[in-house]
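Take a look at the structure below.
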Amino acid sequence: MNDTLPINWEQWRLADVGEWFGGGTPSSSNAEFWDGNIPWVSPKDMKVANITSAQDRITVAAVQNSAVKLISTGSVLFVTRSGILAHSFPVATTKVEVTVNQDLKAITPVEVVDHDYLAWLLRAFERQILTTCSKHGTTVHSIEIPALKDLLVPIPPPAEQRRIVTKIEELFSELDKGVESLTTARQQLKAYRQSVLKYAFEGKLTADWRAKNPDRETGAALRRRVLKTRRDEWEKAEKARLQEQGHLPSNDHWRARYPEPEGFDGEELPALPDEWCWAGLDEMVSGKPRSMQSGPFGSNLLHSEFQASGVLVLGIDNVRDGTFSMGSQNRISEQKFQDLEKYQARPGDLLVTVMASLGRTCIVPRDLERAIITKHVYRISMEEQLLFPEYFNLLLQSQTVSRLRMFENAQGQTRPGLNSFILKALPIPLCSRKEQVEVVSRLSSQLSNIDSMISQIDDELSRTTALRHSILQRAFSGQLVAQDPNDEPASALLERIRAEKEDNGSGRKKNNKNGKKEAA
């Protein structure tokens with residue numbers, strides 16, 4: 001905030017702007033205290049600017065027989081103890097008489113301080129309050145009340161306070177309309193993006209390409225080739241393993257150990273072009289060892305083993321919505337990498353997040369340095385001479401049956417997760433590799449344009465946030481509205497309040513057990 005204030009303004013301690021109230025919780029074991037007509041506001045209610053009700057309500061008996069106090073209409077509430085204080089400082093004004101729990105404080109402003117002005121002022125000082133007046137606990141953050149009361153805040157004459165509130169609300173209303181329009185446009189673009197993807201994986205986007213390329217391979221023929229290559233790769237690897245162990249096979253019985261790919265539920269699948277077919281994702285996986293797996297679990301890789309240099313570790317933050325990101329660049333030592341080399345991410349692999357942020361996918365860059373994956377990510381290797389991994393990456397981003405079944409089958413009630421059985425059974429619309437490349441090429445162009453427009457909208461939304469901060473900064477430094485020399489100076493108001501306090505003793509009042517004001 002600007003330290004140079006207009007001549008009629010004054011800096012007051014926040015303690016002096018009104019009467020402060022704390023809160024409490026009536027006994028939960030006493031049914032007579034609950035389900036009454038008096039709103040009992042807690043942090044979960046502080047998501048609106050104006051409080052007219054609360055999720056919990058208490059009775060007059062609760063006010064009379066507990067630490068809660070009635071707080072009058074026109075007071076300003078703010079959260080002083082909650083996990084949400086790590087990021088924001090919720091403020092609201094009361095439009096009805098309320099009570100609050102122990103995680104909130106309330107200020108009933110003195111007559112010369114407008115309650116809406118005070119609420120906007122506290123919102124404007126949010127960053128300063130969180131920086132200078134907060135105490136960070138392990139799970140719950142809190143505001144240091146003495147420090148908050150000592151905070152110096154700008155107080156203009158009452159008439160100017162009202163002009164400031166009117167102007168802020170006018171400008172914010174215009175911004176809200178703009179944000180609503182931008183948000184709607186963003187949602188429409190997101191929906192259009194999904195329509196484009198769905199259109200592509202129904203085979204419609206490349207219908208003209210197929211008409212011009214009648215000699216292409218069919219999806220069914222490609223599936224047969226992939227399955228043969230998959231088995232050939234397995235047999236080659238298995239034979240090499242047996243020979244290394246000194247067990248040269250004397251017959252073909254060892255071939256019976258080949259793990260057949262998982263089947264998929266082919267019922268109620270959408271129709272595809274004649275040249276396409278449905279296949280299971282497990283059928284598309286390479287026959288080489290460990291071509292579908294997640295990273296090391298448990299004590300095999302501890303977070304404490306991460307370091308600033310060494311071999312890269314790929315986790316959830318490296319897999320964005322369709323694109324790879326270097327993320328936080330966690331690394332492990334060379335020795336640890338040797339122990340976990342079987343979890344190495346291969347260039348061109350498809351990565352899928354299977355915990356926390358489910359279903360995000362990307363392709364491992366073909367020029368990426370050595371890296372391993374974590375337990376939160378599945379790595380899927382394919383035979384790139386037969387299949388185009390980027391096709392599968394885009395497919396699993398689309399709201400088609402392939403992705404929908406992934407989420408329908410996600411396991412776990414509190415923290416849903418994916419596993420190899422779910423991934424292997426996903427149905428995949430398959431076309432020739434040449435057409436896969438053509439699908440990706442056409443989608444890349446269209447999606448790039450859509451993503452560019454979404455990015456522009458995001459930039460505009462960020463600018464509206466910055467503009468709100470600018471408006472508040474101007475408002476509380478005396479630059480948003482014109483000053484009127486006829487307004488009574490804030491210094492005179494403060495002196496009058498102090499004089500009234502001296503005339504009335506402390507001038508402070510408290511609530512008695514009936515919720516009525518009495519002299520302290």
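It should be emphasised that the depicted structure is a prediction, and the values quoted were computed from it without experimental measurement. The residues of the chain are indexed from 1 along the displayed sequence.
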Do [X] and [Y] pair up side chain to side chain, a donor and an acceptor below 3.5 Å, judged on atom types alone?
| X | Y | value |
| --- | --- | --- |
| D103 | S82 | no |
| S325 | N318 | no |
| T25 | N101 | no |
| Q161 | R163 | no |

query = What do the steps show when you test V76 against V91 for side chain to side chain contact (heavy atoms under 4.5 Å, CB included), and what is the final call?
reply = CA-CA 7 Å; V76 178; V91 177; 3.7 Å; yes
ask   = Does the ring of W20 carry K105 above it, NZ/CZ under 6.0 angstrom from centre and within 45° of its axis?
value = no
query = On the ring face of F172, is R468 found with NZ or CZ under 6.0 Å from the centre and within 45° of the axis?
reply = yes
key: is_close_aromatic(F476, W9), centroid dist under 6.0 Å   = no
task = Spell out, as yes or no, whether a donor-acceptor pair under 3.5 Å connects the side chain of E460 to the backbone of S455.
result = no
message = Could you walk me through whether I107 and F78 satisfy the side chain to side chain contact (heavy atoms under 4.5 Å, CB included) test, starting with their C-alpha distance in whole Å, then the side-chain angles of each, then the deciding distance to 0.1 Å, before giving a yes or no?
response = CA-CA 9 Å; I107 300 176; F78 44 91; 3.7 Å; yes
inquiry  = Between T323 and I363, does the side chain to side chain contact (heavy atoms under 4.5 Å, CB included) criterion hold? Intermediate values first, please.
reply    = CA-CA 7 Å; T323 59; I363 300 297; over 6 Å; no
key: Check against side chain to side chain contact (heavy atoms under 4.5 Å, CB included), Y192 and I450   = CA-CA 8 Å; Y192 177 60; I450 295 171; 3.4 Å; yes
